**Q** 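Got a structure here, written out as structure tokens. Questions coming.
Here the structure is a predicted model, which is why all the values come from computation and not from measurement.
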Amino acid sequence: DHADAWIGLSELPAVRFDKADVARLQLALQMPQTPQARVSLSFALSRALEDQADYHSAFRALYKANALKRRLVNWNAAASRAQVSAMFEVFAEPQPEGPDVALGEQVVFLVSLPQSGVEVTTQILAAHPQVGIADASPDLQQVIHAESTRRRQPFPQWARATDAADWARLGQDYLARTAPARVGKPRFVDANPINWRLAGAALAMLPGARVVNSRGDALETCFACYRQLFASGHGFSYDLDHMTSYWRDYDRLFGHWQRLFPQRFLEHAHASMQADPEA
């Protein structure tokens, strides 16, 4: 009845649950459990039923597991949608460029939704001898947060009054924070999926940088998020309507960044790598 052990096993692709495991999990769920333990056991039960090819029962268990988890997270879908809409308004046009248009030319921001295959791309890039990489680095967000604190105004509102010198200053701050990971490497990849919202600011700060969006299939990505119990964050993923709303926001903002920065905001389709990984 140890919930962490069960969810840990369910995360291992090589492990296959049998009918006895299903019975054990069902019994554990009949015992007194903390809310979080009940969530973990329910996600594990869904996986166990899926291993028995009982997909109807597996999805029913998954639906219950997500409903339980949704009560424990604080996700505001309307606020998330409003933040994306604010990005459209504030970054309707490219921001003014500073004197150094090559600033940050060694930097590539790798963004995506979770469960879209970006982990494989990150591993491939990390193995390249000319590439320094920061996986899930908070540096870009910390630069934005520090500026929000300094201006006493939330992002992206303060971006309306930001000039080329301000963006260059923020870009230098980002490069200083990431300097240890860039030593001796001609390229640096900042692989933090959630930076997709911040691409406009990142490219204003670093006019020489590029953003690569690792894009998965919409249905596969959304369902993979829905069946995943994340260690933290991603509160949107525990409700089907919230998940699809989040995908739509990501999809429309991705299109906006691509129109705004056609040479600097690029798409990497995960399906193409699956079809021809060597290329």
Side-chain angles (χ1 to χ4, degrees), residues 1-73 75 110 112-127 135-136 191 193-194 214-244 246-247 268-278:
D1 62 347
H2 196 290
D4 290 343
W6 280 111
I7 199 65
L9 286 170
S10 73
E11 296 289 340
L12 300 175
V15 171
R16 288 193 63 81
F17 291 124
D18 57 24
K19 291 182 179 179
D21 292 321
V22 172
R24 291 187 188 100
L25 282 160
Q26 290 171 333
L27 181 61
L29 281 165
Q30 292 174 16
M31 300 168 62
Q33 302 284 355
T34 66
Q36 186 57 53
R38 190 165 295 280
V39 167
S40 297
L41 291 167
S42 298
F43 270 91
L45 175 60
S46 176
R47 163 68 193 279
L49 289 164
E50 188 176 330
D51 283 351
Q52 310 312 304
D54 186 354
Y55 302 119
H56 178 81
S57 298
F59 188 82
R60 187 167 56 189
L62 182 62
Y63 186 86
K64 290 180 180 179
N66 276 285
L68 290 169
K69 179 64 175 178
R70 194 162 60 248
R71 297 171 193 164
L72 304 179
V73 299
W75 176 252
L110 182 60
S112 71
L113 287 191
Q115 303 296 98
S116 65
V118 71
E119 296 84 1
V120 177
T121 309
T122 303
Q123 290 170 8
I124 292 171
L125 290 169
D135 192 6
I194 65 174
S214 182
R215 185 182 178 93
D217 174 80
L219 178 59
E220 288 183 3
T221 300
C222 289
F223 186 59
C225 287
Y226 188 68
R227 72 188 284 270
Q228 175 69 38
L229 177 58
F230 292 100
S232 62
H234 308 311
F236 59 87
S237 68
Y238 302 109
D239 180 280
L240 289 172
D241 288 333
H242 292 171
M243 180 71 247
T244 53
Y246 195 82
W247 170 274
H268 174 249
H270 180 62
S272 67
M273 188 171 70
Q274 289 178 306
D276 191 358
E278 190 61 32

**Q** A side-chain contact here means heavy atoms from C-beta on lying under 4.5 Å apart; do Thr221 and Arg215 qualify?
**A** no
**Q** Between CG of Asp135 and CD of Gln123, what distance do you get to the nearest 0.5 Å?
**A** 8.5 Å
**Q** Looking only at non-hydrogen atoms, find the nearest pair between Ala28 and Leu41 and report the distance.
**A** CB-CD1, 4.1 Å
**Q** Does atom CZ of Phe230 have more than 12 heavy-atom neighbours from other groups under 6.0 Å away?
**A** yes
**Q** Determine yes or no for a side-chain-to-main-chain donor-acceptor pair under 3.5 angstrom, with Thr122 supplying the side chain and Val118 the backbone.
**A** yes
**Q** CZ/Arg24 to NZ/Lys19 distance, rounded to the nearest 0.5 angstrom?
**A** 14.0 Å
**Q** The criterion is side chain to side chain contact (heavy atoms under 4.5 Å, CB included); which residues satisfy it with Gln26, sequence neighbours excluded?
**A** Val22, Leu45
**Q** I'd like to check the side chain to side chain contact (heavy atoms under 4.5 Å, CB included) partners of Gln274; sequence neighbours left out, ordered by chain and number.
**A** His270, Ala271
**Q** List the atom of Gly235, the atom of Val73, and the distance in Å for their closest heavy-atom pair.
**A** O-CG2, 4.2 Å
**Q** How would you list, by chain and number, every residue that makes a side chain to side chain contact (heavy atoms under 4.5 Å, CB included) with Asp4, sequence neighbours excluded?
**A** His2
**Q** Once rounded to the nearest 0.5 Å, what's the spacing between atom CG of Asp21 and atom CG of Asp18?
**A** 4.0 Å
**Q** Within a strict 4.5 Å, meaning less than it, do heavy atoms of the Ser42 and Lys64 side chains meet?
**A** no
**Q** Going by ring pair (Phe, Tyr, Trp, His ring centres under 6.0 Å), name the residues that satisfy it together with Phe236, two or more places apart in sequence or in a different chain.
**A** Trp75, His234, Tyr246
**Q** What side-chain donor-acceptor pairs closer than 3.5 Å can you find for residues 6-17, not counting sequence neighbours?
**A**
from, atom 1, to, atom 2, distance (Å)
Ser10, OG, Ile7, O, 2.7
Glu11, OE1, Gln228, NE2, 3.4
Glu11, OE2, Gln228, NE2, 3.1
Arg16, NH2, Asp51, O, 2.9

**Q** Could you tell me which non-hydrogen atom of Leu49 sits nearest to which non-hydrogen atom of Ala61, and how far apart they are?
**A** CD1-CB, 4.0 Å
**Q** Is any side-chain heavy atom of Pro35 closer than 4.5 Å to one of Leu68?
**A** no
**Q** How many angstroms lie between CG in Leu25 and OG in Ser40, if you round to the nearest 0.5 Å?
**A** 11.0 Å
**Q** Donor-acceptor pair, distance only, cut-off 3.5 Å: does the side chain of Asn66 make one with the backbone of Tyr226?
**A** yes
**Q** Taking the side chain as everything from C-beta on, heavy atoms only, tell me whether Leu229 gets closer than 4.5 Å to Tyr238.
**A** yes
**Q** Can you sort out the partners of Ala224 under side chain to side chain contact (heavy atoms under 4.5 Å, CB included), two or more places apart, ordered by chain and number?
**A** Gln115
**Q** Rounded at 0.5 Å granularity, tell me how far CD in Glu220 sits from OG in Ser116.
**A** 11.0 Å
**Q** From Lys69 NZ over to Arg38 CZ, what is the distance, rounded to the nearest 0.5 angstrom?
**A** 15.0 Å
